[in-house]
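Note: hydrogens, waters and symmetry copies are ignored here, and every other heavy atom, side chains too, is used. Counting from 1, the numbers follow the sequence of the chain as shown.
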Amino acid sequence: MKRRNLILAAAAAAALGMPTLAPAQQKMVLKASDVHALGYPTVEAMVRMGKKLEAQTNGRLSIQMFPAMQLGGEKEMIEQAQVGAVQIARISVGALGPVVDEVNVFNLPFVFRDEAHMRKVIDGPIGQELLNKAATDPKSSLIPLGWMDAGTRNVYAKKALKTPGDFKGQKIRMMGNPIFIETMNAMGGNGVAMGFNELYSALQTGVVDGAENNPPTYLTQNHYQIDKFYNLTGHLIIPEIFVFSKRSWEAMSKDDQALIRKLSREAQTEQRQLWDTMVTESTAKLKAAGVQFVEVDKKAFYDATKPIREKYGAKHAALIKRIEDTK
């Protein structure tokens, strides 16, 4: 009977693309996914982690990277990780917010003063508490491994957008989280929920007039070739998170889990170093390509988005106060 159950479990795991419960020496390939291309800091950090994992287990464990939206957008990646079809997924907290409500605090407009403030928060007790919450939330089915930096998001479009009034009639792509859609609406534009994998075509065809993201993404996705104005709204500073499928995690030994956690902490540090370098290089390349970096009336946007912070932040008032008090 035990043998039959093992066979059934292995068959189910294979159908889902999960690593199977196997003898200690059997090789296991962990699938990792990201919407960004090879060389992007989040992808590169995971590739390096995979090489370390393979070296430290003598090839028994390794990571197969699926970059550049090969397995779909972030919503699809979350769903695949939840069922064990993918083991590791790097996702924006924006995409995770609808699954784990507490992390939506990081998705509020202007909740962080700047990137240094954001890093202090995710590196401290608040960051750890939210990782723990995401791990225990019954809706998530994910094991968070760490945070990654995604910088500051600004709005790019075909014209300068310096005030909320300039946004009138502008259709701006946002991640599919109600907070983001309402944030853009409050800023004066028309927020449009759309998968990242659909965005380039939508910009080309005029389905949307613009979008918002950090400089490296704006550059590497070639969106700057269509929209030449990078408006420095700084409305969102959203960290990213990389997670492990809970279903796959529970099939692994405690020693393997501990090793993956150790290497994940190293990946988090390496990604941040890679990120800072890429932001500097991307900004220089964008300016050289003729992109106009537009200073905006940031206070006007801060004031305009106050109702969003009040609406979605009310139930997390104590947590927001702790974020504000983090120096």
Side-chain angles (χ1 to χ4, degrees), residues 92-94 97 104-122 149-175 177-192 208-219 223-224 227-240 275-276 278-280 282-284 286-287 290-314 316-317 319-327:
S92 170
V93 169
N104 267 323
V105 170
F106 287 173
N107 294 326
L108 294 173
F110 301 105
V111 73
F112 296 114
R113 293 185 292 275
D114 50 33
E115 287 180 37
H117 179 215
M118 181 271 289
R119 289 179 176 184
K120 284 278 190 181
V121 172
I122 63 173
D149 199 326
T152 301
R153 298 174 78 95
N154 301 289
V155 177
Y156 48 91
K158 294 176 178 63
K159 66 177 186 176
L161 303 171
K162 296 182 179 182
T163 68
D166 293 335
F167 272 79
K168 185 176 182 180
Q170 292 287 299
K171 300 186 295 294
I172 307 296
R173 178 267 173 181
M174 306 294 287
M175 284 184 282
N177 184 321
I179 293 177
F180 298 148
I181 303 301
E182 293 181 37
T183 291
M184 180 49 58
N185 293 344
M187 288 171 65
N190 179 15
V192 178
V208 293
D209 301 299
E212 45 85 65
N213 222 308
N214 53 58
T217 302
Y218 177 44
L219 174 71
H223 296 167
Y224 74 96
D227 287 358
K228 290 286 190 180
F229 290 84
Y230 194 62
N231 303 285
L232 300 173
T233 50
H235 55 289
L236 294 170
I237 302 175
I238 311 172
E240 297 186 331
W275 179 258
D276 288 343
M278 192 171 192
V279 169
T280 300
S282 297
T283 299
L286 288 166
K287 288 180 177 178
V291 169
Q292 294 190 43
F293 282 63
V294 182
E295 295 292 339
V296 308
D297 184 351
K298 193 167 284 191
K299 185 179 185 304
F301 291 112
Y302 178 84
D303 292 344
T305 54
K306 181 180 178 182
I308 308 303
R309 289 187 295 279
E310 292 177 342
K311 175 181 177 180
Y312 288 99
H316 303 301
L319 177 57
I320 292 172
K321 180 66 165 59
R322 289 176 62 202
I323 291 172
E324 291 173 348
D325 290 344
T326 300
K327 305 297 183 187

Next item on the list: Please confirm whether the backbone N or O of Thr163 pairs with a side-chain atom of Asp166, one donor and one acceptor, at under 3.5 Å?
Entry: yes
Item checked: Distance (rounded to the nearest 0.5 Å) between Asp209 CG and Asp227 CG -> 8.0 Å
Notebook entry, point to check: Does the side chain of Asn231 reach to within under 4.5 Å of the side chain of Asn154, using non-hydrogen atoms?
Noted result: no
Notebook entry, point to check: Can you tell if the side chain of Tyr156 reaches within under 4.5 Å of the side chain of Val291, non-hydrogen atoms only?
Noted result: no
Next item on the list: For Phe112, enumerate each residue passing the ring pair (Phe, Tyr, Trp, His ring centres under 6.0 Å) test, keeping only those at least two apart in sequence or located in another chain.
Entry: Phe106, His117
Note to self: With rounding to the nearest 0.5 angstrom, report the CG to OG1 distance, Leu108 to Thr183.
What the structure shows: 7.5 Å
Note to self: Name the residue from Val105, Leu236, Asn107 that meets the side-chain contact (heavy atoms from CB on, under 4.5 Å) definition with Val93.
What the structure shows: Asn107
Checklist line | Distance-only side-chain donor-acceptor flag, Asn177 / Asn104, under 3.5 Å | finding: yes
Next item on the list: Please report the closest heavy-atom contact between Pro178 and Tyr312, naming both atoms and the distance.
Entry: CB-OH, 3.7 Å
Notebook entry, point to check: Is the backbone N or O of Tyr302 less than 3.5 Å from a side-chain atom of Arg309, with the two atoms forming a donor-acceptor pair by type?
Noted result: yes
Margin query: Is any side-chain heavy atom of Met187 closer than 4.5 Å to one of Thr233?
Written below: yes
Margin query: Less than 4.5 Å apart, side chain to side chain, heavy atoms only: is that true for Phe301 and Pro109?
Written below: no
Check: Does atom CZ of Phe229 have more than 12 heavy-atom neighbours, drawn from other residues, nucleotides or ligands, at distances under 6.0 Å?
Finding: yes
Next item on the list: Specify the closest pair of heavy atoms between Gly191 and Ile181, including all atoms of both residues, with the distance to one decimal.
Entry: O-CG2, 3.7 Å
Notebook entry, point to check: Should we count NZ of Lys168 as having more than 12 external heavy atoms under 6.0 Å?
Noted result: no
Notebook entry, point to check: Between Asp303 and Pro307, what is the shortest heavy-atom contact and its length?
Noted result: O-CD, 4.1 Å
Next item on the list: Heavy atoms only: give me the nearest Ser282-Pro216 pair and the separation to one decimal.
Entry: OG-CA, 3.5 Å
Notebook entry, point to check: Going by heavy atoms in the side chains, are Arg153 and Thr217 under 4.5 Å from each other?
Noted result: no
Check: Side chains of Tyr230 and His223: does their closest heavy-atom pair fall under 4.5 Å?
Finding: no
Margin query: Does any part of the side chain of Lys162, heavy atoms only, come nearer than 4.5 Å to the side chain of Asp297, both counted from C-beta?
Written below: no
Next item on the list: Flag yes if more than 12 heavy atoms outside Lys120 fall under 6.0 Å of its NZ atom; otherwise flag no.
Entry: no
Checklist line | Straight-line distance of Ile238 CD1 to Met118 CE, nearest 0.5 Å | finding: 10.0 Å
Next item on the list: Mind listing the closest non-hydrogen atom pair of Thr152 and Pro215 along with its distance?
Entry: O-CD, 4.0 Å
Check: Between Asn190 and Asn185, is any pair of side-chain heavy atoms under 4.5 Å apart?
Finding: yes
Margin query: What's the separation between atom CD in Glu212 and atom CZ in Arg173, rounded to the nearest 0.5 Å?
Written below: 7.0 Å
Margin query: How long is the straight-line distance from CG of Leu161 back to CZ of Phe167, given to the nearest 0.5 Å?
Written below: 4.5 Å
Next item on the list: Verify side-chain contact (heavy atoms from CB on, under 4.5 Å) between Met278 and Leu219, making sure each step is shown before the conclusion.
Entry: CA-CA 10 Å; Met278 192 171 192; Leu219 174 71; 5.8 Å; no
Check: Nearest 0.5 Å, what's the NZ-CD distance between Lys159 and Gln170?
Finding: 4.5 Å
Checklist line | Closest non-hydrogen atom pair between Lys158 and Val208, with its separation | finding: NZ-O, 4.5 Å
